[in-house]
Amino acid sequence: MNEEKLRGALRHGLSIRTFSREDRQAVLAKVKGETRMRRKWTAGAALALALLAVCATALAVAAHYGILDFVGSGDVPPAELTRIAGHIQNDVGSVETDLFTIDVREAYYDGEMLLLAVDYIPKEKNVMLLSRDFEFDEDRFAWLANDDSYGDKTGLDVYREAGYEKLYTIEMHVFDAEEERSEFSTSNAVLNKDGTLTEYYSLAGMTRRESMTLRITGLFIEDPTPEVREDFQDPVTHDIWHEVDKIFDVQIPDKAC
Amino acid sequence: MNDAKDARLEQMMDAYGTAVLNLCAMLLRDAHLAQDASQDTFVKAYKSLDGFRGDGETSERAWLMRIAVNTCRDYRRSAWWRLTRRREPLEELADVAAQTSEEERGVLAQVQRLPAKLREAVLLCYVEEMTAQEAAQALGIRRSSVYRRLDRAKRLLRISLEGGVEHE
């Protein structure tokens, strides 16, 4: 990638939008109305959280597990959760690679949007997993991140203290195989206590169809040169890229149709 | 609100409003969410103004960009559902599509697909022209990490724009 070409495209593309007068007025209004808004929001939030807790519990009991694990996100309106729960498909498919089992554990498809919960299960022991947008589990590893002597440690030193021997970054993407597109996709990852990593994918704005073909493709990135790692937040440096391309296709019927 | 703080807020919005908006747009990959996040950034900055001292260690720009980056991280963590519902990729906006070449839109699209931490470094260094030190302050990482993230971003962009996977 030519650096100047990159700079030019970004500058030109981003020069078109500006922080508008309306944006400024919205900021000033928010600053002025902060106290009043906060009181309103606190009452509204308490009610919403109470409703969500009741709904989430009921749904968890009904479905036994999962519901795309959205319940834990705390960001889905109860009515939406109820609707989603009715269209969940479990155990959509799985595939084996040399390094991982990739398990598409849950799927929701309504003809226009696809939501997936995909588990990445390492075959090796004591493996730390990261994902492309993974935010480190600060609660779980706070004792390491806040260690006073952390500044003198390599990334792998830190991981080894937690019992890990290898590190992979998972950069996998979900495609609508028929339309060959993933530009509307988003993902969010959670590192589970058992060492597996669950990634939640979504594809939105799809052309409505009664079923779709799913493809997951991407890279497992391994760093075998721990001596050059020097910070905790970005331990991957000299990578080995394990390409995983067109792992599997699966038909997901639109249960909402 | 007091007059001095108000004036400072106005100055910051004048100087950095568009930069913050664009940073948020690229980090969130959604034009509408970016508006919300950029506004939230200035609201947070306003609240923290009393505690910020531009002492040469951290510039006002780096401080503001750090607030923007953290705001976007919060959005990504908490608003996945909203992202699935409201996505409006930057390169597909009518004004952007009309005024940029197909090649430029392709680059914009691929940069938006970079992992978030790589995108942050690319935006700060290549669009905002921050030094590696400033970007490091804005991101709360070491300068060497900024260089590594830029290097890795370029490798990924080379693959996505020119095809093929690099093997080492």
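Chain identifiers are assigned alphabetically (A, B, ...) following the order of the sequence lines, protein sequences preceding nucleic acid strands; residue numbering begins at 1 within each chain.
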Could you give me the CA-CA distance, side-chain angles and deciding distance for B:K5 and A:V31, then say whether side chain to side chain contact (heavy atoms under 4.5 Å, CB included) is met?
-> CA-CA 11 Å; B:K5 257 179 110 172; A:V31 169; over 6 Å; no
Between chain A and each of B:Q35, B:Q110, B:E10, count heavy-atom pairs under 4.5 Å; write down the option with the most.
-> B:E10
Heavy-atom nearest pair, B:V146 first then B:A132, reads CG2-O, 3.8 Å
Heavy-atom nearest pair, B:L27 first then B:R119, reads O-NH1, 2.6 Å
Should the ring pair A:Y120 and A:F220 be called parallel, tilted or perpendicular, given that the plane angle runs from 0 to 90° and is split at 30 and 60?
-> perpendicular
Less than 4.5 Å to any heavy atom of chain A: does that hold for the side chain of [X], its backbone, both, or neither?
X      : value
B:L150 : neither
B:D14  : both
B:E129 : side chain

